[in-house]
Structures are given as C-alpha cells and as structure tokens.
Amino acid sequence: MRDPMTPSLYRVDKVVRELPDTATLGLVPSGGDGPFSFRPGQFNMLYRFGMGEVPISISGDTLDRSRVVHTIRAVGSVSRALTELAPGDEVGLRGPFGSSWPVDEAAGHDVVIVTGGIGLAPLRPAIYHVLSNRGRYGRFVILYGARTPNDILFRSELESWRSRFDVDVLVTVDSAGREWGGNVGVVTRLVDRAGFDPLHTVALVCGPEVMMRFAIPALNGRGVPNGRIHVSMERNMKCAIGLCGHCQYGSYFVCKDGPVFPFARIATLFAVREA
Amino acid sequence: MPDMDAKASGAAVVLGVDGLDALVGLLVAGGYRTIGPRVEEGAVVYGPVRGVADLPAGYVDEQAPGSYHLTRKKDGKALFDWTVGPHSWKRYLYPPEQLLFRAERRGGGFSVLPAAEEESPLAFIGVRPCELAAIAVHDRVFSGSGVVDPGYAGRRDGAFLVAVNCTRAGGTCFCPATGTGPRARTGFDLALTEIEDGKRHLFVVETGSERGAALLAGLKAPPADGALLATVTRLTRKAAKAMVRDVPKDTPQVLKRNLDSPRWDDVAARCLGCANCTLVCPTCFCATVEDTTDLSGGVAERWRRWDSCFTSDFSYIHGGVIRREIRSRYRQWLTHKLATWSDQFGVGGCTGCGRCITWCPVGIDITEEARAIRAGEGRAGEGRR
Ligand SMILES: Cc1cc2nc3c(=O)[nH]c(=O)nc-3n(C[C@H](O)[C@H](O)[C@H](O)COP(=O)(O)OP(=O)(O)OC[C@H]3O[C@@H](n4cnc5c(N)ncnc54)[C@H](O)[C@@H]3O)c2cc1C
Ligand code: SF4
Ligand code: SF4
Ligand code: FES
C-alpha cells in the first residue's frame with residue numbers, strides 16, 4: 001500500500017522570478033508518475049529536501065498537462081527555500097488536495113474575482129478556465145490589490161487581460177509614489193465600482209483573512225448572497241489528508257473539506273472570534 | 001444501548017488464573033508481541049507482559065479530578081481491579097513517533113525510501129470497553145474516512161484484542177454516558193470478566209471473533225453456567241450505577257451555539273494549557289511532522305510526532321498564531337471531543353474514560369465544563385470580561 005504521506009519526486013523544469021520574494025516553479029515528474037491533473041483552486045504539498053513540506057496552490061492552467069505550476073512567496077524557511085530552487089533541482093510533491101473553485105456552477109453567471117497579494121496565484125487557474133470558456137460566462141471582473149506598484153503579481157498577464165474587451169481588470173495598491181497614476185486604497189473599495197449584476201454573480205475571494213472581512217460585506221452590500229461567494233481559507237497544514245488535525249475549522253478540515261468553501265457554509269464560524 | 005448480554009455470552013467459558021496464564025502463553029507462542037498492564041512509577045501502564053505474573057495483582061487505583069493514586073491491597077489477588085491509567089493503546093497502534101520516510105541526496109535531486117514496517121503482530125491483554133471504543137474511533141480516523149494510514153492499518157489488522165470488562169467504576173469515568181461501557185459488546189477477540197471474591201478467582205471469557213474462538217479451543221475450558229453469566233451482568237451493572245457523570249445527548253448542539261459563552265474565559269483562567277488531556281486521551285490523533293538531516297546533509301528524515309491543539313504552534317500560520325489564547329484552545333479541545341468530532345467521523349470523540357479529568361493538574365472536568373456552558377446559556381449577554 002502506498003503511504004499517502006510519502007511524496008513523489010518532481011524536477012524543477014522552469015523558474016520565473018515574478019517579484020523579489022516570489023517565484024513560479026514549473027515541475028515535471030522525475031519518476032514514473034503520469035500526467036498530473038487538478039481542478040482550479042486545489043493545492044499540493046511541496047517538500048524541500050530536509051527542510052519541510054508546505055501547502056502551495058497550483059497556479060497553472062488545467063489544460064496544460066506538461067508541467068505542474070506553483071507560485072510561491074518567501075515568508076519563512078521552507079517557502080524561501082522553494083523560491084530559491086533552480087532548474088534541475090528536485091522537490092517532493094503530494095497532491096492534488098482539496099476542493100476547487102466552482103467554475104462549472106458559475107457558468108451562466110457573471111464572475112467576480114476579489115483578491116490581494118499572493119492570493120492571485122490560487123485564482124489564476126480559475127481565470128484561465130473562464131478565459132478558455134469565455135462564452136459560458138457573463139461579465140468577468142478581476143479586482144486585485146497589491147501593497148505597492150512593485151508588488152503586483154503576474155503584472156504582464158494582468159495587463160494583457162485588461163487589454164481584452166471581455167474582461168474588466170481593476171488594480172489598486174495600498175500605497176504608491178507620485179509616478180503611480182492608478183487606484184490607491186483597499187481592494188474592497190473596487191467592489192462598489194465594478195460592473196456586474198449582483199443577482200447573477202458568483203464571487204471568488206482569496207486573500208488574507210482581513211481582506212475577506214471587508215470583501216464579503218462589500219459583496220453582500222452589492223447584493224451578492226453568501227451562497228454565491230466562495231472563499232479560500234488558510235490554516236496550518238501538516239498532512240493535507242485529514243489525519244494531522246492542524247487545519248480544523250469547526251467541523252471542517254480545511255485540507256479536505258476546503259480550502260474553497262461557499263461562504264454560506266462557514267459564515268457562522270467566520271463570525272466567531274478565534275484568537 | 002440494546003441489551004445484548006444473552007448474545008454476547010453465547011460462547012462463554014471459564015478460565016482460572018492458570019488458564020489465563022496459558023492463554024497469554026498461547027499468544028506469545030503464536031508470535032504476538034503481548035502488551036498488557038504493568039505497574040511502573042506508581043501507575044498502571046501498558047508494556048510487554050509474558051504471563052499472569054507480570055499483571056498488577058492486588059492493585060487498585062483511586063482517581064479523582066487532578067489525582068491518581070495506586071495502592072496495593074494486602075493479599076489482594078485480583079488482576080484487573082484498577083481501571084485505566086495514563087497510557088492508552090494508541091501508543092502501540094499509532095506510536096508517539098513514527099518515521100515517515102528517509103530521503104537520500106542523489107546528484108541535484110534525491111530519492112525517497114519509505115519507512116520499512118515489518119513488525120510481529122500485537123496482542124493487547126486487558127483492553128477496557130471504553131478503549132475498544134477508542135480503537136473503533138481511530139479505525140474511522142485512520143482508515144475509514146477516505147484515506148488509509150497504512151502503518152495504522154497494518155498494526156490494527158494484525159492485533160489480537162483481549163478485553164476486560166469493568167466491575168469497578170473508576171473515580172472519573174463515565175462510559176454509561178457515552179454508551180461505551182462498562183461491558184464490552186463488540187470489537188474484541190476475547191472479553192474477560194474477572195470474578196474474585198475470596199472464595200474463588202476466575203475469568204468468564206466471551207468470544208468475539210473466529211480468531212478468539214480458535215485460540216480458546218486450545219485451552220479446553222468448561223462453559224460458563226447461567227449463574228456465572230448472571231454474576232457478570234450484576235457486576236458490570238453495579239459498576240455502571242456507580243458512575244455519576246453525564247453527557248446529555250444534545251451536548252453537540254449546545255456547545256456549537258455557545259462558542260461565545262463567558263465560561264470559556266472562566267475555564268481558560270484555570271487551564272494551564274499543558275496538553276496533558278490530549279496526550280492521555282485515547283482518541284486524540286493530532287500529529288505534527290519534523291524534518292531532520294544528518295551532519296553531512298546527505299540523508300534527511302521526516303518524522304511524525306503526536307501533537308496537541310493546546311500548543312501555541314499548532315495553529316500557527318505565517319503572520320501569527322490563530323488560537324492565541326488558552327480560551328480558544330480549550331474551546332477547540334472541548335468542542336472537538338464532544339461536538340464536531342461526530343460531524344467529522346460519524347462517531348463521538350469521547351469514550352468516557354475519564355483520563356483527561358484525572359490527569360489534568362488542576363482537575364478540570366470536561367463533563368462539568370460542558371454542563372456549565374449549558375447552564376450559562378442565555379446569560380452570554382454578560383459578555384467577556
Ligand atoms: C491551501 C493553502 C494554499 C496555499 N497556497 C500558497 C501559494 O500558492 N503560494 C504561497 O506562496 N503560499 C501559499 N500558501 C501559504 C504557504 O503554505 C505558507 O506561506 C508556508 O506554509 C509558509 O511556510 P514557511 O516554512 O516558509 O514559513 P514559516 O512561517 O517558517 O512557517 C513554519 C511552518 O508553519 C506552517 N505554516 C506557516 N504559514 C502557513 C500558512 N499560511 N498556511 C499553512 N501552513 C503554514 C507550515 O507548516 C510551515 O512550515 C498556502 C497555504 C494553504 C493553507
Ligand atoms: S475526552 Fe477525556 S474522558 Fe473523553 S475519551 Fe478523551 S480522555 Fe477520555
Ligand atoms: S482535541 Fe485537540 S489534540 Fe485532540 S484530536 Fe481534537 S484537535 Fe487534536
Ligand atoms: S492538514 Fe492535516 S488534517 Fe488537514
């Protein structure tokens with residue numbers, strides 16, 4: 001029996017330095033593992049030799065079976081070590097795990113993405129999916145917030161999406177110098193300005209929990225009900241298979257019942273002060 | 001719980017102390033690692049036993065919130081007059097430290113070598129009914145919820161369980177409230193009831209599996225008569241009556257709607273956050289992982305170790321600990337045990353063994369806290385201090 005805690009080996013095939021602290025890794029199986037398939041919003045556990053294993057969302061296109069793509073921001077020892085990998089290096093990989101963005105359920109609706117910082121990475125597969133199936137959706141709005149203009153992730157992709165006539169991309173930063181002529185302020189303010197039909201909208205939200213605490217009331221304020229708001233939750237994870245207990249959130253295991261939840265399912269828990 | 005006394009006792013036989021010794025001997029001869037109760041450092045713990053001589057004859061435990069005392073009755077002969085100590089069988093089925101894999105550097109990459117697990121099967125002697133229930137809970141956790149932990153499943157499949165019914169109530173246990181004892185109904189290979197009243201010292205042995213029946217067949221034991229079976233029922237019922245703690249059926253709902261009860265602050269002021277309760281609890285399964293490398297950096301290992309929701313790292317994510325205060329850690333523990341567990345696994349997370357009450361240094365009683373939260377319902381408006 002294969003131990004679900006034993007990783008498969010993957011070789012780093014491509015590295016893109018997105019930002020000073022953020023890199024995108026393309027991985028290919030080094031052993032006998034066949035092509036990798038996943039749903040938008042799912043994540044893998046990436047193991048760096050001798051250092052540790054951390055949950056990282058898959059940030060690539062579900063249609064691209066040539067590589068497994070992850071975008072990692074260095075915040076501590078393991079994530080930093082992962083961003084420092086070079087082509088040819090190997091990592092351990094377990095996955096894919098968890099629930100996904102409801103891209104099928106959203107068909108026929110306007111899709112509104114609200115995200116900040118590295119939170120854009122777990123949403124990129126959903127963005128690719130909507131763009132590949134553009135005719136199945138109504139309006140498509142991407143609202144993205146970064147700390148400063150220099151922290152905008154996937155900048156050239158955001159620019160190319162913005163240049164399309166069938167996507168609205170609004171970007172804001174928390175602070176900027178004079179040379180920035182764009183929006184300044186929190187991403188949730190963009191919710192009020194974006195063009196979508198709240199009665200026929202599915203919202204996908206991923207970012208720090210504080211951002212969600214503002215994004216959800218803003219969406220509710222526009223008339224989007226909790227049942228059509230989907231959020232990706234973040235909790236400490238040591239196994240991703242429901243065995244270590246670390247990711248518990250009320251009755252849920254974020255690793256297997258989440259990380260993506262319809263907000264209506266967790267709204268009561270979300271209102272409880274956890275600290 | 002349906003009364004299944006008649007059914008369970010269908011194949012009951014009688015063994016003397018020598019017969020029990022022979023039974024353990026058969027397990028040893030059969031290649032089992034036989035584990036049972038032993039006295040160590042003033043407590044009954046589980047370790048290797050080779051026969052009746054290793055069992056804690058005459059020992060009785062006195063337990064109360066925050067206290068455990070083991071005494072030896074002068075001329076006491078009973079082998080199972082104690083109830084449960086700080087150990088539970090999880091340390092054998094899900095050991096405190098397990099090697100997950102070794103990795104060795106190879107050029108720019110590495111190879112992964114799974115941890116080899118070739119151990120002889122386990123036989124447990126003296127598994128209390130609440131502990132059979134705890135093992136059944138772990139069966140759900142480690143192999144009945146979609147993912148199978150192969151180490152657990154391997155050890156569990158081979159394990160031979162000799163249960164022992166409780167004829168004396170421990171000072172903190174409440175298995176009648178959780179429906180898990182004091183008489184074993186299922187989940188054992190053999191179940192003993194010890195009868196020792198000065199005049200006689202014998203064991204009524206019920207069979208729970210083919211394996212159990214096959215082992216018993218080697219002992220040529222006489223059947224237990226109706227009077228003996230009636231004694232088993234009487235003794236276990238007496239033990240049940242002696243347990244007073246209660247966990248009402250609607251406890252999950254009560255806890256879930258009182259996550260902001262001021263009682264969480266009250267208990268947090270007493271709780272030391274020491275994690276004793278989670279370590280002694282036979283159902284707590286939380287674990288963390290640790291990575292090590294050798295001095296050359298060429299060999300790495302990944303270990304899984306028991307963890308506890310009471311540690312501050314447990315809920316750490318980049319940017320801070322989520323359950324910063326003891327209040328929220330205690331709330332996680334209590335609501336997991338008595339409420340959210342059954343949503344996750346379709347079975348309760350508490351088997352009423354009382355260990356967390358006994359081994360809490362300040363004597364916090366999980367049933368009393370649950371009761372206080374219920375009693376405080378509606379008074380939540382008083383808010384946090
Ligand atoms: C479902 C999910 C998807 C994620 N996707 C991405 C992604 O696509 N890109 C990205 O850059 N980051 C992502 N993260 C966050 C990433 O897992 C953490 O940044 C990483 O675990 C930090 O580890 P560290 O050792 O570098 O940091 P440290 O701060 O040193 O953390 C020590 C340990 O704590 C735990 N830990 C710390 N932060 C987190 C966290 N946020 N979530 C879970 N465990 C944590 C880990 O076990 C970690 O090894 C995701 C987290 C989750 C839960
Ligand atoms: S919660 Fe306490 S009484 Fe219940 S099974 Fe765990 S240790 Fe025993
Ligand atoms: S009570 Fe705490 S340590 Fe025990 S299983 Fe639940 S989360 Fe894990
Ligand atoms: S990460 Fe281990 S239970 Fe969810």
Side-chain angles (χ1 to χ4, degrees), chain A residues 1-12 30-31 47-55 73 75-79 85-92 118 208-210 234-253 256-257 268-269 271-275, chain B residues 100-101 103 105-112 114-115 141-142 145-151 153-154 256 259-260 284-293 297 299-302 304 307 309 313-325 327-328 332 335-336 339-344 384:
Chain A
M1 198 190 303
R2 190 184 167 89
D3 191 324
M5 290 296 280
T6 308
S8 299
L9 293 181
Y10 276 68
R11 189 167 43 75
V12 178
S30 356
Y47 167 73
R48 174 81 202 259
F49 181 87
M51 299 202 63
E53 189 189 53
V54 291
R73 184 160 84 95
V75 299
S77 56
V78 182
S79 54
L85 290 166
D89 289 341
E90 269 182 323
V91 294
I118 188 77
E209 231 160 277
V210 283
E234 204 172 352
R235 284 295 179 272
N236 186 301
M237 292 188 182
K238 299 292 183 200
C239 76
I241 51 178
L243 295 188
C244 78
H246 279 256
C247 68
Q248 285 179 80
Y249 188 47
S251 298
Y252 303 116
F253 289 101
K256 57 177 197 181
D257 301 312
T268 316
L269 277 172
V272 174
R273 197 181 75 97
E274 268 185 283
Chain B
L100 290 171
F101 61 81
R105 264 198 203 289
R106 191 167 40 86
F110 57 93
S111 55
V112 169
V141 174
F142 293 118
S145 311
V147 171
V148 175
D149 181 88
K256 284 188 201 170
L259 297 175
D260 285 320
C284 273
F285 59 85
C286 285
T288 187
V289 283
E290 268 172 45
D291 293 276
T292 61
T293 43
V299 179
E301 288 181 346
R302 181 145 248 257
R304 172 162 55 194
D307 201 359
C309 56
D313 290 0
F314 190 86
S315 65
Y316 168 83
I317 61 171
H318 168 67
V321 170
I322 291 191
R323 297 186 204 107
R324 277 198 309 277
E325 297 174 11
R327 164 187 186 273
S328 47
Q332 164 61 25
T335 54
H336 194 210
T340 56
W341 199 293
S342 45
D343 296 335
Q344 295 171 345
R384 308 189 60 219

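Every chain is numbered from 1 and lettered A, B, ... according to where its sequence line falls, protein lines coming before strand lines.
Looking at B:V321, there are no atoms closer than 4.5 Å to chain A (heavy atoms on both sides), in backbone or side chain. Contact annotation for B:S315: only backbone heavy atoms (N, CA, C, O) come within less than 4.5 Å of a heavy atom of chain A. Interface remark: A:V12 contributes no atoms to any contact with chain B (heavy atom separation under 4.5 Å). In this structure, chain B has no heavy atom under 4.5 Å from any part of A:R48. Of the atoms belonging to A:M5, heavy atoms from both backbone and side chain fall under 4.5 Å from chain B. For B:R105, the parts lying under 4.5 angstrom from a heavy atom of chain A are both the backbone and the side chain. B:E290 does not touch chain A: none of its heavy atoms, backbone or side chain, sits under 4.5 Å away. Both the backbone and the side chain of B:F314 come within contact range of chain A, each with at least one heavy atom under 4.5 Å from a heavy atom of that chain. With a threshold of 4.5 angstrom between heavy atoms, A:E209 does not approach chain B through any atom at all.
Looking only at side-chain heavy atoms (C-beta outward), A:S30 and A:S8 stay at 4.5 Å or farther from each other. Counting heavy atoms from C-beta outward, B:C286 and A:Q248 have side chains that approach closer than 4.5 Å. Contact of the B:Q332 side chain with the B:I322 side chain is not registered, since no non-hydrogen atoms from C-beta on lie closer than 4.5 Å.
The two atoms that bring B:A339 and B:S342 nearest to each other are O-OG, 3.1 Å, heavy atoms only. Here the closest heavy-atom approach between residue A:A275 and residue B:S328 is recorded as O-OG, 2.8 Å.
Looking only at heavy-atom pairs under 4.5 Å with chain A, the residue among B:T293, B:T292, B:V147 that has the most is B:V147. Comparing A:C244, A:G245, A:G50 by heavy-atom pairs within less than 4.5 Å of chain B, the highest count is held by A:C244. If you tally non-hydrogen atom pairs under 4.5 Å between each of A:I241, A:T6, A:D89, A:T268 and chain B, the highest count goes to A:I241. Most heavy-atom pairs under 4.5 Å with chain B, from the set A:G88, A:P4, A:C247: that is A:P4. Between chain B and the options A:L243, A:V272, A:D257, the largest number of non-hydrogen pairs under 4.5 Å is found for A:L243.
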**Stepwise side-chain contact (heavy atoms from CB on, under 4.5 Å) test for B:R106 and A:E90** = CA-CA 10 Å; B:R106 191 167 40 86; A:E90 269 182 323; 4.2 Å; yes
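Note that NE2 of B:H318 is 7.5 Å distant from OG of A:S79, once rounded to the nearest 0.5 Å. From A:E274, atom CD reaches atom CG of B:L259 across 10.0 Å, with rounding to the nearest 0.5 Å.
Below 30°, between 30° and 60°, or above 60°: for B:F101 and A:Y47 the angle between ring planes is above 60°, a perpendicular geometry.
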